[in-house]
Engineer: 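Please see the structure below; I have some questions.
One-based numbering along the sequence shown.
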Amino acid sequence: MKKIKYISWAIAALMFAGTAVSCVGDLDVTPIDENTVPPEEVLDTPAAFTQLLAKCYQGLACSSSYGQDGDADIEGIDGGFGQYMRALFNLEELSTDVTTCCWNDGNLYDIHHMTWNAANEFVSSMYYRIFFQIGLCNEFIRRSNDTKIDGYTNKAAYIAEARALRLLSYYHAIDLFGNVPFTTEEMSVGSTAPKQISRGDLFDWMVTEAEALINGNDLAAAGKNEYGRCDKGMVQMILAKLYLNAEIWKGSAMYDKAATLCEQIISEYKLHTTSSGVYSAWQELFCADNHLWTANTTYNGDEIIFAVEQDGIQIRSYGATNFVVFACTGGVMDAGSIGISSGWGGLSLTGAFTSKFEDGDLRATFFKSADYEQYIDAIRRESDSWSNGWKSMKFLNKNHDGSAAQDMTFVDTDWPVFRVADAYLMYAECAARGAADKTKGQNYLNAVRARAGVGNLDLTLDNIIDERGRELYMEGHRRQDLVRFGMFTTDKYLWEFKGGVQAGKAVDSHFNLYPITSGDLNANGNLTQNPGY
């Protein structure tokens, strides 16, 4: 069984060591790590709680506190592909029409083929990462609530941020796994095996938790916290996503509630529409200095609501955007123009996806040459030729003005978890479903497309799902969207090697959820496997 060290050791967190640090202003400290010192011997100053909160954020960005090659937080899972955002990419993007990978790593092909099972290590990576984060945040909240130390003036705000981070991981849990083990700060780590919560009950708990954070006074207002840290805008996006997917996750449509929240978010953020450098305004959101396009800067647009930070010097990992940039680059591509030393190759876009882009769409940042076929005609297990599929150049390790980033071996590019463009398209979808104002929905759809340099589209569900793909690809939303539109497992939409055959085929509907990983199922008698596995 794979072991989550925080869970298996009851946090133990806490040695002041490590090379990776947070870069979020007040949290620009060495994160507390989970080693051998009991927490009660370390959490005796306000600074120690700052360090532990930094670890809660760092868990999204790195696999451990010891740099890219350090001892990973989760035993038995490679620190590269087991990194949180990379694991999320595999399950949300690699399983879809967006991308495939030619690497012969373990059971990786099963993800794009949609033939995974409960023992798949890439499914396990995401599962354990999610519950590592939840356990870490629970411990932070519990220890903060219990402490009596003087001078911990940020206590309420820090607890609110940890609750928001926990909510983010439960958002990924409800989306990917459905009925999951459930714990809060009221259950100390290691005290008893967690009980399973139904997807519907988890939905209700998350809505209550999100509303409490939004309506309370402890979490920073939307766009008012430091870049890379949680605020009410980030929680509003999670709640809007809950309502948008309520028909699947809860069994009752709540598109009207999603639309209301999206309007609130749109009033607090704005699209980044004016290019300030050598790239389009849209691509600037995925450059090495994309932290500029947030509410806390003076640049045009505050589009990025919440991001997972990367830093070529201080926050290094083989996951997150570092993985996306390097894995999309290889073969005859000029790695230097992308801002990296050399590419890993492997990730390719499917022809079914790239064919959705019309001429002039600024988001079609594809590398094309005679060496790369648009449509994937074979899965090559033993080849150094990545000739199948066009390559993505969406994420770059170049600053928006074309200048070099800090380092060419690890990227500075942050992962935009939530952007206001998503809220625009969410509202448009709700309008197309008859749950919001159609004129507003049309205007929001038009605004997103105008930035991309293309003309208006009719407000239809078919157009919305394609537009969401074009706008948000490789950001961790595609599988969720295809499930919501009834297109993920059915023959309503096929792409290369869906179901393991070149032309694509429908698969059983149980693949709309990932399985509870076999290691946790065997270790915890309170858990029941998802149907079909």
Side-chain angles (χ1 to χ4, degrees), residues 3-67 70-74 84 129 131-169 183-191 213 216 218-220 225-231 308-309 311 313-317:
K3 293 183 180 179
I4 303 174
K5 293 179 182 176
Y6 260 100
I7 302 301
S8 63
W9 302 349
I11 198 172
L14 305 170
M15 183 175 98
F16 293 89
T19 57
V21 301
S22 171
C23 280
V24 284
D26 291 343
L27 301 188
D28 189 9
V29 296
T30 303
I32 281 179
D33 187 38
E34 66 289 3
N35 279 285
T36 58
V37 181
E40 56 271 12
E41 295 181 16
V42 177
L43 293 173
D44 55 1
T45 67
F49 281 95
T50 299
Q51 289 178 287
L52 186 53
L53 182 61
K55 177 66 180 180
C56 294
Y57 280 98
Q58 187 207 50
L60 299 175
C62 303
S63 293
S64 78
S65 298
Y66 294 91
D71 183 25
D73 294 320
I74 302 175
Y84 194 107
R129 268 289 155 193
F131 292 103
F132 172 85
Q133 280 296 112
I134 290 170
L136 182 59
C137 293
N138 281 340
E139 278 299 294
F140 178 87
I141 296 165
R142 188 169 68 87
R143 297 282 178 176
S144 292
N145 281 331
D146 290 347
T147 188
K148 301 283 196 296
I149 61 171
D150 294 329
Y152 190 4
T153 57
N154 292 325
K155 178 176 175 177
Y158 279 9
I159 289 173
E161 288 184 58
R163 289 170 64 190
L165 288 171
R166 180 179 64 184
L167 193 67
L168 177 66
S169 288
T183 61
T184 67
E185 71 278 9
E186 295 176 1
M187 178 186 293
S188 62
V189 173
S191 61
L213 288 168
D218 297 326
L219 193 62
N225 208 345
E226 292 179 322
Y227 176 74
R229 293 175 67 176
C230 303
D231 59 26
V308 171
E309 293 191 72
D311 184 286
I313 304 300
Q314 299 188 87
I315 307 179
R316 291 180 160 192
S317 81

Engineer: Might you point out which heavy atoms bring C62 and R316 nearest each other, and give the distance in Å?
Structural biologist: SG-O, 3.7 Å

Engineer: Going through the checks in order, is the side-chain contact (heavy atoms from CB on, under 4.5 Å) test met by L165 and L60?
Structural biologist: CA-CA 9 Å; L165 288 171; L60 299 175; 3.9 Å; yes

Engineer: Nearest heavy-atom pair of Y84 and L168: which atoms, and what distance?
Structural biologist: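 Scanning both residues, the minimum pair turns out to be OH-O, 4.5 Å.
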
Engineer: Would you give the length of the straight line joining atom CZ of F49 to atom CD1 of I149, rounded to the nearest 0.5 angstrom?
Structural biologist: 5.0 Å

Engineer: Can you sort out the partners of T183 under side chain to side chain donor-acceptor pair (under 3.5 Å), two or more places apart, ordered by chain and number?
Structural biologist: N138

Engineer: How would you list, by chain and number, every residue that makes a side-chain contact (heavy atoms from CB on, under 4.5 Å) with A220, sequence neighbours excluded?
Structural biologist: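 Here the qualifying residues are N225, D231.
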
Engineer: Which value, rounded to the nearest 0.5 Å, describes the distance between L52 atom CG and Q58 atom CD?
Structural biologist: 11.0 Å

Engineer: About how many Å separate OH of Y158 and OG1 of T153, when rounded to the nearest 0.5 Å?
Structural biologist: 8.0 Å

Engineer: Search all heavy atoms of G59 against all heavy atoms of R129 and return the closest pair with its distance.
Structural biologist: O-NH1, 3.8 Å

Engineer: For Y57 and C230, indicate whether the former's side chain and the latter's backbone hold a donor-acceptor pair under 3.5 Å.
Structural biologist: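 The answer is yes, because a donor-acceptor pair under 3.5 Å joins these two groups.
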
Engineer: Rounded to the nearest 0.5 Å, how far apart are CG of N154 and CD of E161?
Structural biologist: 8.5 Å

Engineer: Let me confirm one number: the SG-CD distance from C56 to E139, rounded to the nearest 0.5 Å.
Structural biologist: 10.0 Å

Engineer: Would you compute the distance between atom CD1 of I134 and atom OG1 of T184 and round it to the nearest 0.5 angstrom?
Structural biologist: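 Taking CD1 in I134 and OG1 in T184, the distance rounds to 11.0 Å.
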
Engineer: Give the minimum heavy-atom separation between A61 and E309, together with the two atoms involved.
Structural biologist: CB-O, 3.4 Å

Engineer: Can you list the residues that meet the side-chain contact (heavy atoms from CB on, under 4.5 Å) rule with N145, with sequence neighbours excluded?
Structural biologist: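 For N145 the side-chain contact (heavy atoms from CB on, under 4.5 Å) partners, ignoring immediate neighbours, are I141, I159, E185.
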
